[in-house]
Amino acid sequence: MTVIPPREPSDTYLDTSRRRPSRLDPEELGFTPRRQVAWLSPTQLAATGIRVAFAAQFGAYLDKRELQLALPTQVHDEYAAKDELWIDYIADLGDGFDATYSMAYLLAQDQLDTGERALPRADVLVLGGDQVYPTASGAAYEDRFEGPYKAAFPKALSDTSPHMFALPGNHDWYDGLTAFLRLFARRGDSHIGGWKTPQTRSYFALKLPHRWWLLALDAQGEAYLDDPQLEFFKGIAATFEAGDRVIIATPQPSWVQTEAHPRYYDTLDYFLRTVMDPSGAEVAVMVSGDLHHYSRYSSPNLPRQLINCGGGGAYTAATHHLPEEITVPPKHSVTRRASPQTKYRLAKTYPSKMRSKWLGSGVFGRLPWRNPGFTTFLGILHTMLLLAFQNEAGRILTIPIFLMVSVVMAACVFFAVGLTEGQQRFVPFLLGGLHGVAHILFGVGGWLIWRELPFRDLKWPLPALSAVVVYLPVAGVAAALLVSLYLLIAANFKVNVNELFAGQGIEDFKSFLRMHIAPDGTLNIYAIGVDKISKRWVSQPADSWFRPKEPMKARLVDDPVVFAPAAAPSDASVS
């Protein structure tokens, strides 16, 4: 059996008070601040498609969860005796430096003013998944997550240092959890900045005060729960008393993804039926990241909240396509045994649905300029199409033209079908085909205009060179605007919704949860949002290495969600 060796902490951060950078320079920082991932760059689009295909076809071969049986496991119960406890939850965070560090900076502050009340720093920080983008590796974690978080909280370790736990998301899984386990499942006194990292596996259980629990499941997509993980949680559930309250953290909000992925909720439902229901404990909250926004579903028939909070640093995603009502488990589930169905209604989103629509319409002003590689690629494609038309002197049905038209059509269909999640295929094929036709017509129009200009009469190779110099940049921007129009229209049919927002790379409207278990056992969940992150930083002599030049304004984006204390075992058994 292969055991992943623990990674030794970097010497750079063993003494966090030894040196303090004065500027965002890699030589001073010890890591390289990264730009936000350009998700529509040609290389990134190709890499994303390949990774998704490999994850779907070979995910079982990359699964290292059963190998974790060789790693120690434990229930983290050091918080159970506390009178009260503060817990932060944040997900989808390891992207560009500005957004990632903005959120890490807020998490690290001794106190956070939300405008209505001040909330103290959490004793426990739970990372909900996708700690790094676009793919997991030691270098990517160092630059996009570990470095910014160490810079935000460079505190010396002590007995009262807060703890950090991490759940892997799909981007953490692209290397089969290798880099994730090396970073978060080290043995010994490991830490990231001033946060201790005591977990030993990719899943964990926290025993909280006043009979509250937090269980974090490593369940990706349609994959089954592995036997070691299932036995681990069954052993914990055997210690529950009737009426205990449980918070379940999962890598993706399968309850709202059932239309595109009917089987996603099956694994979670299996866990609820076979592990939680026999224990007598009550699942009060299910929380997840993966979708880069905040949303909360509640039910009048079941005292349970379904919360997605993926605003930790990655681009902001749409909320206006979220259904107003969902049924959990879904009606179209193919599982022969399932929990009783319950209807949930959408209680709150951040950003709001109206703001989300407004952000989507900004694609024309953002996509061409924030994805220069994509714009350049479109310019090259249309320049080759122009030269194919031009070189054939009006003969349309020729091999070069046929090949270029085929390439354009294939690229547009792949863009629609290959990048759209879910089971539907006819609508993406249709929209992708119409998108391809629009580009062909655009190419014909460009050729008709170009042939009226004097460039075609120049001596070879000047016509081709002039097309590259003059036509390519203009065609690239115009084609990018055409793609923007397509995305805006296609999103109404739930096609390429993710690309509409990924292409814009909106870094604002970030969010995280701050949960408080009060001395009387009441749980309060505060959803904290930041409408505008910081992009200008000033070094400081103490605390975080850098502070925002203009203070960020954190605010509550939802009413506090309040849960009553756990019922006494005798009362729970009667009810």
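Just so it is clear, the values below take in all heavy atoms, side chains as well, and ignore hydrogens, waters and symmetry mates.
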Does a side-chain heavy-atom distance below 4.5 Å link [X] with [Y]?
X    : Y    : answer
P168 : F184 : no
K510 : T316 : yes
Y486 : V495 : yes
E28  : S22  : yes
L214 : F204 : yes
D130 : D172 : yes

- Message: Quick check on the 6.0 Å ring-centre criterion: do W39 and H292 meet it?
- Response: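 Distance test on ring centres: not under 6.0 Å, no.
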- Message: Using ring centroids (six-membered ring only for Trp), state whether W255 and Y297 fall under 6.0 Å.
- Response: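 Centroid separation for Y297 and W255: 6.0 Å or greater.
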- Query: In terms of the angle between their ring planes, are Y101 and F97 parallel, tilted or perpendicular, with boundaries placed at 30° and 60°?
  - Reply: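 Answer is parallel, since the angle falls under 30°.
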- Item | Parallel, tilted or perpendicular: ring planes of Y149 versus F145, cut at 30 and 60 degrees |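 Tilted: the ring planes of Y149 and F145 meet at 30° to 60°.
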- Item | side-chain hydrogen bond (donor to acceptor under 3.5 Å, both in side chains) assessment of S190 paired with T197 | CA-CA 6 Å; S190 57; T197 54; 2.9 Å; yes
Would you kindly say whether [X] and [Y] are connected by a side-chain donor-acceptor distance under 3.5 Å?
X    : Y    : result
R117 : Y526 : yes
S102 : S534 : no
D543 : Y105 : no

- Query: Between R555 and D531, is there a salt bridge with N-O shorter than 4.0 Å?
  - Reply: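 So D531 pairs with R555 through a salt bridge.
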- Task: Run the salt-bridge test on E507 and K535 with the 4.0 Å N-O cut-off and return the result as yes or no.
- Result: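 Counted as a salt bridge, because a side-chain N and a carboxylate O are separated by less than 4.0 Å.
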- When you measure from the side chain of R144 to the backbone N and O of V132, does any donor-acceptor pair fall under 3.5 Å?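 No, because the side chain of R144 does not come within donor-acceptor range (under 3.5 Å) of the backbone of V132.
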